[in-house]
Amino acid sequence: MSIVTQLKHPLLQHKLTLLRDKNTNSKDFRTLVKEVAMLMAYEVTRDFPTEMVEVETPIAKTQSARIAGKTVAIVPILRAGLGMVDGILEVMPTAKVGHIGLYRNEETLQPVEYYAKMPKDIDKRTVIICEPMCATGGSIIAAVDLLKARGIKDIKIMCLVVCEVGIKAIEAVHPDIQIFTVGYDKELNDIGYITPGLGDAGDRLFGTK
Ligand code: PRP
Ligand code: URA
């Protein structure tokens, strides 16, 4: 079974098309990334266990479901992953947020770590890594290595677009994680960008190019 789940809901696919469009400006790009992340949170948490509790409505007492014992940490990979955090927090306001700073060396395409700060009890939480672009997969592999070294077992990844090459690379070393994505593209170009992709997610979010 593949580690990837592609979310094909029309709302998500529509918003991805707007994200791919080179004429979408930074302000709209940021809004769309946030909205997509919020909608994706619905699928990413689908397997969370629930328990029945008593609640009193204005009319009567009843048994109703709530999420049982799951606490979440959202971990964006800087910079681009930051764009997804607020959307997830909208629907999971009690989640804690850790940060992993990685950038890709432009020549070797290898990830370089420059920052890591996690909530204290992260090993007891389900971790949702936010990484909009999975190109070679190197950044996701490095982030999962770092989290597993801290004892975290329950790891899910939220991407906007993944590339087949990157997925194969991740699957080879971390077959136990789940990746959720909206776009699933075939190729990388000769400078390591997902094709057709949506360009440089960090630059488009923060207007740095
Ligand atoms: C980009 C992107 C991912 C990484 C994906 O980061 O945001 O983190 O590349 O590539 P990979 O799968 O080949 O590792 P970038 O280095 O551009 O940093 P930024 O997010 O700070 O712009
Ligand atoms: N990082 C991006 O932001 N986009 C790509 O296509 C590849 C890496």
Side-chain angles (χ1 to χ4, degrees), residues 2-4 6 15-34 36-37 40 74-88 97-118 127-148 155-175 177-209:
S2 170
I3 60 172
V4 182
Q6 185 183 10
K15 288 179 190 293
L16 175 62
T17 300
L18 296 172
L19 285 166
R20 287 191 193 274
D21 187 340
K22 68 176 186 183
N23 295 312
T24 298
N25 64 30
S26 277
K27 177 177 174 288
D28 292 343
F29 193 89
R30 274 194 298 275
T31 303
L32 286 161
V33 170
K34 181 179 167 184
V36 167
M40 289 183 81
I74 305 165
V75 178
I77 300 181
L78 308 181
R79 291 173 301 166
L82 282 176
M84 303 175 87
V85 175
D86 284 351
I88 308 172
V97 182
H99 294 88
I100 296 177
L102 291 173
Y103 70 89
R104 279 202 316 180
N105 177 302
E106 282 178 10
E107 265 130 47
T108 64
L109 301 184
Q110 291 305 304
V112 182
E113 187 189 321
Y114 60 89
Y115 187 74
K117 178 91 177 171
M118 299 300 149
V127 172
I128 301 175
I129 296 178
C130 301
E131 170 54 279
M133 309 305 285
C134 168
T136 66
S139 301
I140 288 179
I141 291 171
V144 174
D145 285 346
L146 186 151
L147 292 172
K148 284 188 174 173
I155 300 174
K156 296 169 190 277
I157 322 262
M158 231 192 238
C159 299
L160 299 178
V161 183
V162 302
C163 182
E164 215 162 82
V165 184
I167 294 302
K168 288 212 170 96
I170 297 166
E171 220 157 22
V173 284
H174 295 301
I177 60 169
Q178 278 181 292
I179 299 182
F180 296 82
T181 188
V182 187
Y184 201 148
D185 291 0
K186 281 248 169 308
E187 294 170 343
L188 291 182
N189 68 10
D190 55 6
I191 53 166
Y193 276 79
I194 302 174
T195 307
L198 49 74
D200 189 305
D203 284 341
R204 294 196 65 189
L205 271 170
F206 300 112
T208 40
K209 227 172 226 171

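We use all heavy atoms of the structure for the numbers below, so side chains are in, but hydrogens, waters and symmetry mates are not. Ligands are counted one by one from 1 in listed order, and the atoms in each one are counted from 1 as well.
Annotation: side-chain contact (heavy atoms from CB on, under 4.5 Å) contacts of L109 (sequence neighbours excluded): R104, T136. Every residue meeting the side-chain contact (heavy atoms from CB on, under 4.5 Å) condition with K27, not counting sequence neighbours, appears here in chain and number order: N25, R30. Applying the side-chain contact (heavy atoms from CB on, under 4.5 Å) criterion to D203, with sequence neighbours excluded, gives R79, D200, T208, K209.
With hydrogens and angles disregarded, a donor-acceptor distance shorter than 3.5 Å links the side chain of N105 to the backbone of E107. Between the side chain of T24 and the backbone N or O of L18 there is at least one donor-acceptor pair closer than 3.5 Å. In this structure, R204 contributes its side chain and L198 its backbone to a donor-acceptor pair below 3.5 Å. Listed for the Q110 side chain is no donor-acceptor partner under 3.5 Å among the backbone atoms of G138. A distance-only check finds a donor-acceptor pair linking the side chain of T181 to the backbone of L160 [under 3.5 Å]. Between the side chain of E131 and the main chain of C159, no donor-acceptor pair closer than 3.5 Å is present.
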What short N/O contacts, under 3.5 Å, does ligand 2 make with the protein, listed by atom pair and distance?
residue, atom, partner, partner atom, Å
ligand 2, 3 (O), A201, N, 2.8
ligand 2, 4 (N), G199, O, 2.8
ligand 2, 6 (O), I194, N, 2.8

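Distance OH/Y193 to CG/L188: 11.5 Å, rounded to 0.5 Å. Rounding to the nearest 0.5 Å places SG of C134 at 8.5 Å from CD1 of I157. Rounding to the nearest 0.5 angstrom, the gap separating the SG atom in C163 from the CD atom in E187 is 8.0 Å.
The G138 neighbourhood of ligand 1 comprises atoms 12 (O), 14 (O), with distances under 4.0 Å to a heavy atom of that residue. For ligand 1, the atoms sitting less than 4.0 Å from at least one non-hydrogen atom of R104 are 9 (O), 10 (O), 11 (P), 13 (O), 14 (O), 16 (O), numbered in the order shown with element in parentheses. Heavy-atom proximity to Y103, at under 4.0 Å, picks out these atoms of ligand 1: 16 (O). Those atoms of ligand 1 that come under 4.0 Å of a heavy atom in M133, given as number and element, are 3 (C), 5 (C). Close approach of ligand 1 to G137 (heavy-atom distance below 4.0 Å) involves ligand atoms 11 (P), 12 (O), 13 (O). Those atoms of ligand 1 with a heavy atom of A135 less than 4.0 angstrom away are 10 (O), 11 (P), 12 (O), 13 (O).
Remark: ligand 1 and I77 share no N or O pair separated by less than 3.5 Å (distance only, no angle test). Checking only distances, R79 does come within under 3.5 Å of ligand 1, N or O to N or O. Residue A80 has at least one N or O atom closer than 3.5 Å to an N or O atom of ligand 1.
Scanning G166, A169, S139 for the heavy atom closest to atom 14 (O) of ligand 1 points to S139. Of the candidates L102, I140, L160, it is L102 that places a heavy atom closest to atom 18 (O) of ligand 1.
Put simply, atom 6 (O) of ligand 1 has no protein non-hydrogen atoms near it, under 4.0 Å away. Inside a 4.0 Å radius of atom 1 (C) of ligand 1 there is not any protein heavy atom.
In this structure, P111 has no heavy atom closer than 4.0 Å to ligand 1.
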Could you walk me through whether D185 and R20 pass the side-chain contact (heavy atoms from CB on, under 4.5 Å) check? CA-CA 12 Å; D185 291 0; R20 287 191 193 274; 2.9 Å; yes

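Of all protein heavy atoms, the one lying nearest to atom 3 (C) of ligand 1 is E131 OE2, 3.0 Å. If you check which protein heavy atom lies closest to atom 13 (O) of ligand 1, you get T136 OG1, 2.6 Å. For atom 17 (O) of ligand 1, the closest non-hydrogen atom on the protein side is D200 OD2, 3.8 Å.
For the side-chain contact (heavy atoms from CB on, under 4.5 Å) criterion with K34, the lone passing option out of L205, D86, I88 is D86.
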